[in-house]
Amino acid sequence: MASISQWVQGSRPRTWPAAFAPVAAGTGAAIHQIGFEPGTVVPRALLALGVALALQIGVNYANDYSDGIRGTDDDRVGPFRLTGSRAARPEAVKRAAFVALGIGGLLGVALTALAGAWWMLLVGVAAVLAAWFYTGGSRPYGYLGLGEVFVFVFFGLVAVLGTSYAITLRWSWVALACAAAVGLLAVAVLVANNLRDIPSDTEAGKHTLAVRLGDRRTRLLYAACLVVPFVLLVPVAVHHWPVVLVLLAVPFAVAPVRAVLRGAAGRDLIPVLGATGRVELVLSVLVLAGLVL
């Protein structure tokens, strides 16, 4: 039986900023559009946060289960895995994934009902299915090098635009720019993770984008994913100058980019994961602050 501490480790807390960040950015874009209306903004933002966090934890447990039963995690260098370490039975990890995804689905229904935009249920169903089939099923798309597409779409575009729309019932180019920026930073977390796992994934036949690109090009992709978001936010800062606050996130990006470009590998990439998540979270909170001011 895995301990509570091990279950928390298995949920991969270092990836949680990928859930908080898009909601912060989307809420900022919404407030920029309609102003701060507590009765509308607060409950919908909190529900959106619940959806994002539940899906993030769900996809982490689903990944733990699917990679564990395939043997991909048998020689993993990275953080603790419940299934691969034999700390928990595969069925228990699978059940935890379904519970987390189910909670995310229920919170999504509540958010949809509150917003009155029932078509968003289809987006929610797509998000849940994408979370499971990332590494689950007979042909998981995460093994085909498409994981980064999933992360960009669902933890960038869908999460930010969905949060903003659920609050305002309007679309905006500001929200779209923020969504693309946050999505790339979420992708950077996955790229760093898969860069570390290139040797073990290659041996296990898991053809992630990092495996397909190779070590050098994956490192360049990682650097681009941390630099381009700041470029994407330039038009937003020109439109609303307080968004220049995002420049305060630049120092947080320097160390992980330097480490990756200088050849950090194996366990030396584990701190990069946490640092990348912090960049995403700090930038998103600064976007929120800048758009509210």
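The first residue of the sequence shown is numbered 1, and numbering continues consecutively from there.
- Nearest heavy-atom pair across Pro242 and Leu293 is CB-CB, 4.0 Å.
- With sequence neighbours excluded, the residues forming a side chain to side chain contact (heavy atoms under 4.5 Å, CB included) with Ala19 are Ala52, Leu53, Gln56, listed by chain and number.
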Practice problem: Decide side chain to side chain donor-acceptor pair (under 3.5 Å) for Asp197 and Thr208; before the verdict, give the C-alpha distance in whole Å, the side-chain angles of both, and the deciding distance to 0.1 Å. | Solution: CA-CA 9 Å; Asp197 293 340; Thr208 63; over 6 Å; no

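- Closest approach of Asp268 to Pro271, counting heavy atoms only: O-CD, 3.4 Å.
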Show the atom names and distances, to 0.1 Å, of all donor-acceptor pairs under 3.5 Å that link a side chain in residues 275-286 to residues at least two apart or in another chain.
from, atom 1, to, atom 2, distance (Å)
Thr276, OG1, Tyr222, OH, 2.6
Thr276, OG1, Val272, O, 2.6
Ser284, OG, Ala21, O, 3.4
Ser284, OG, Glu280, O, 2.8

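- Residues Leu107 and Gly50 share a closest heavy-atom pair of CD1-C, 3.5 Å.
- In this structure, CG on Asn194 lies 11.0 Å from CG on Leu269, to the nearest 0.5 angstrom.
- Each of Leu122, Val123, Leu129 was scored for a side-chain contact (heavy atoms from CB on, under 4.5 Å) with Val125, with one residue passing: Leu129.
- With sequence neighbours left out, Trp16 forms a ring-ring contact (aromatic ring centres under 6.0 Å, His included) with no residue at all.
- Remark: Asp215 pairs with Arg219 by the side chain to side chain donor-acceptor pair (under 3.5 Å) rule, at least two apart or across chains.
- A pairwise comparison of heavy atoms in Leu261 and Ala223 identifies CD2-CB, 4.1 Å as the closest pair.
- Between Trp132 and Gly137, the closest heavy-atom pair is NE1-N, 4.2 Å.
- If you check the side chains of Thr83 and Asp64, you find a donor sitting under 3.5 Å from an acceptor.
- Linking Ile, Leu, Val, Met, Phe, Trp and Tyr whenever their side-chain heavy atoms come within less than 4.5 Å leaves Val151 and Val182 in two separate clusters.
- For residues 25-57, every residue pair satisfying the ring pair (Phe, Tyr, Trp, His ring centres under 6.0 Å) rule, not counting sequence neighbours, is listed here: His32-His239, His32-His240.
- Shortest non-hydrogen contact noted between Ala159 and Pro22 is CB-CB, 3.4 Å.
- Remark: Tyr143 engages Asp67, Thr72 in a side chain to side chain donor-acceptor pair (under 3.5 Å) (not counting sequence neighbours).
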